[in-house]
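What follows is a set of notes on a single structure, which appears directly below.
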Amino acid sequence: MYRRTLLFVLITAVTISCGGDGGPTGTEPTTGAVKVTVSTTGTDMDADGYEVAVGSKISSINASGSTIISGLSEGNINVELSGMAGNCSINGDNPRTVKVVLGDTTTTSFDIDCQAVADGQIAFVSDRDGDYEVYLMNTNGSSPIKLTDNSNFEYNPVISHDGTKIAFISDRGGSCCALYVMGADGSDVQEIRPDVNVFSTSWSPDDSKLAFASNPGNGTEIYTINTDGSGEMRLTNNSVNDYYTDWSPDGSKILYSGDTAGGTEELYTMNSDGTDQQQLTQNTDNDLSARWSPDGSKIAFVSNRSGNNEIYTMNPDGTDVQQITNDPGSDFFPTWSPDGTEIAFLSSRNGNDEIFKINADGSGTPVNLSANSDSDTMPHWSPIGN
């Protein structure tokens, strides 16, 4: 009896000293955790997901998924999501502050929306459905997609530098022509500048502004405007017409063409505020429809100095003019590939308007990208992708 009583006392003592769960009785938790949940919607989402930082601890997380960061000290802590593509935006604060509670898991969630991106594609205008609409196609001419669909006239599509927007001109407002912006998938069409005879447009490098040519009734001049339609500014004020704007890659200059007193059209640059207007070409022929190369080292343009419209390149100061195309057909609207190695352009060499591309130094055989019996014109190569 004595031995059984002693054994019971010893077992009870050990149980009390160990707390019954492998640890001391009354031990308080010393850390907490944060559970982060991400929900991504839209198109062109990040397949490789994101990174989330909770204080100094970093973890990967799927585009739509959760992760738990543990071992955190009590108190307020910053949670920040990173690694989103430029076409994706977070709804709500990022970074944000959450409170870590000892022994508990705090939850926070991020909602991300991703816009469609014209990545490695060329925008163009075609009447293949009976009237002129805006399309996108791959850079080899495959998979053309119609973005606009109405009975009005759409033209001059220009893809934003981040690939998420396309500016274009249309008479859908009832008269010709107004400036519009839409998503790269044709959604969310917004009128930026009402019907005032807009002729051409281009994006600023940060996509916050558009330069455009317009004739409100007293001659065609160059203007800039914020992409929400505010802050319009007139840059030129001449007795002749100015057209075909293109913003330099560094944002400091705007390239354009202007009529001369002699009746020809020449190329000019000016500061983005309209000051320091400089003439780049000067001859008895027309030079127009110019585009900067992606690195700003060259300008592609159209000239009829050889007898018909051909594509040329030159330095930004007008020197080192090189003829790129040479065909009896008319070549127009040059646009550079993102790496500057190729130029797409409109050509009538096959008997109707088609989109071709050629090496930027003029070598090789031009490739017909659109290749159909309808009119395909006004190409613009996306600034991102291949």
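All values derive from a computational prediction rather than experimental measurement.
Residues satisfying the side chain to side chain donor-acceptor pair (under 3.5 Å) test with Tyr243, not counting sequence neighbours, are Asn241.
There is a side-chain donor-acceptor pair under 3.5 Å between Glu310 and Asn308. Of the N and O atoms on the side chains of Asp131 and Ser151, not one donor lies less than 3.5 Å from an acceptor on the other residue. With no hydrogens or angles considered, no side-chain donor-acceptor pair links Ser39 and Ser64 at under 3.5 Å. Side chains of Ser142 and Asn140: a donor on one and an acceptor on the other come within 3.5 Å. For the 3.5 Å distance criterion, the side chains of Thr164 and Asn87 fail to qualify, holding no donor opposite an acceptor. A donor atom on one side chain and an acceptor atom on the other are not found under 3.5 Å apart for Thr260 and Glu266. Residues Thr37 and Ser109 bring no donor and acceptor atom of their side chains to less than 3.5 Å of each other. Side-chain contact, Asp327 with Thr325: no donor N or O sits under 3.5 Å from an acceptor N or O. In this structure, a donor-acceptor pair under 3.5 Å is present between the side chains of Gln190 and Asp188. Looking only at atom types and distance, the side chain of Asp353 has no donor-acceptor partner in the side chain of Ser348 under 3.5 Å away. For the residue pair Asp320/Gln322, the side-chain donor-acceptor check at 3.5 Å is satisfied.
Counting heavy atoms from C-beta outward, Phe199 and Ile169 have side chains that stay 4.5 Å or more apart. For the pair Tyr223 and Glu221, the minimum side-chain heavy-atom distance is below 4.5 Å. Taking the side chain as every heavy atom from C-beta outward, Ile58 and Val52 never approach each other to under 4.5 Å. Counting only heavy atoms from C-beta outward, the side chains of Phe332 and Leu288 approach each other to under 4.5 Å. For the pair Thr224/Trp247, a side-chain contact is recorded, criterion being any heavy-atom separation below 4.5 Å from C-beta on. Contact of the Asn156 side chain with the Thr201 side chain is registered, since non-hydrogen atoms from C-beta on lie closer than 4.5 Å.
Cation-pi geometry between Arg128 and Tyr135 is met: under 6.0 angstrom from the ring centre, within 45 degrees of the axis. In this structure, Arg96 satisfies the cation-pi test against Phe110, with its NZ or CZ atom closer than 6.0 Å to the six-membered ring centre and inside 45 degrees of the ring normal.
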**Message:** Between Val158 and Ile166, is the side chain to side chain contact (heavy atoms under 4.5 Å, CB included) condition met? List the steps.
**Reply:** CA-CA 5 Å; Val158 182; Ile166 298 176; 5.9 Å; no

**Request:** Please assess Met314 against Leu280 for the test side chain to side chain contact (heavy atoms under 4.5 Å, CB included), listing each intermediate value before the final yes or no.
**Result:** CA-CA 10 Å; Met314 66 179 178; Leu280 302 183; 4.0 Å; yes

**Asked** Which is it for Asp276 and Lys253 under the side chain to side chain contact (heavy atoms under 4.5 Å, CB included) test, yes or no, and what are the steps along the way?
**Response** CA-CA 10 Å; Asp276 192 27; Lys253 300 286 185 181; 3.6 Å; yes

**Request:** Would you sort out whether Ile254 and Thr269 count as a side chain to side chain contact (heavy atoms under 4.5 Å, CB included), showing the intermediate values?
**Result:** CA-CA 6 Å; Ile254 293 176; Thr269 60; over 6 Å; no

**Message:** If you apply the rule salt bridge (charged side-chain N to carboxylate O under 4.0 Å, His left out), what do you find for Asp129 with Lys146, and how did you get there?
**Reply:** CA-CA 9 Å; Asp129 77 340; Lys146 184 166 64 171; 2.9 Å; yes

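Contact detail for Pro157 and Val134: the closest heavy-atom pair is CB-CG1, 3.8 Å. Contact record, Asp331 with Ser347: OD1-OG, 2.6 Å, taken as the closest heavy-atom pair. The two atoms that bring Asp374 and Glu354 nearest to each other are O-OE2, 3.9 Å, heavy atoms only. Looking at every heavy atom in both residues, Ala184 comes nearest to Ala116 through CB-O, 3.5 Å. The heavy-atom pair separating Pro334 from Ile343 by the smallest distance is CB-CG2, 3.8 Å. For the residue pair Asn368 and Ser370, the shortest heavy atom distance occurs at OD1-N, 3.3 Å.
In this structure a side-chain-to-backbone donor-acceptor pair under 3.5 Å is present from Asn283 to Asp285. In this structure a side-chain-to-backbone donor-acceptor pair under 3.5 Å is present from Asp246 to Trp292.
Between Tyr132 and Tyr155, the distance separating the two ring centers is not shorter than 6.0 angstrom. For Phe345 and Phe333, the ring centers sit 6.0 Å or farther from each other. Taking the six-membered ring where the residue is Trp, the centroids of Tyr256 and Tyr244 are separated by 6.0 Å or more.
When the shell of 6.0 Å around NZ of Lys99 is examined, it contains 12 or fewer heavy atoms from other residues, nucleotides or ligands. More than 12 heavy atoms of other residues, nucleotides or ligands shown are found within 6.0 angstrom of CD on Glu232.
When each of Leu346, Asn350, Asp376, Thr365 is tested with Phe356 by the rule side chain to side chain contact (heavy atoms under 4.5 Å, CB included), just one qualifies, namely Asn350.
Linking ILVMFWY side-chain heavy atoms closer than 4.5 Å, directly or via other members, places Ile225 and Met270 in two distinct hydrophobic clusters.
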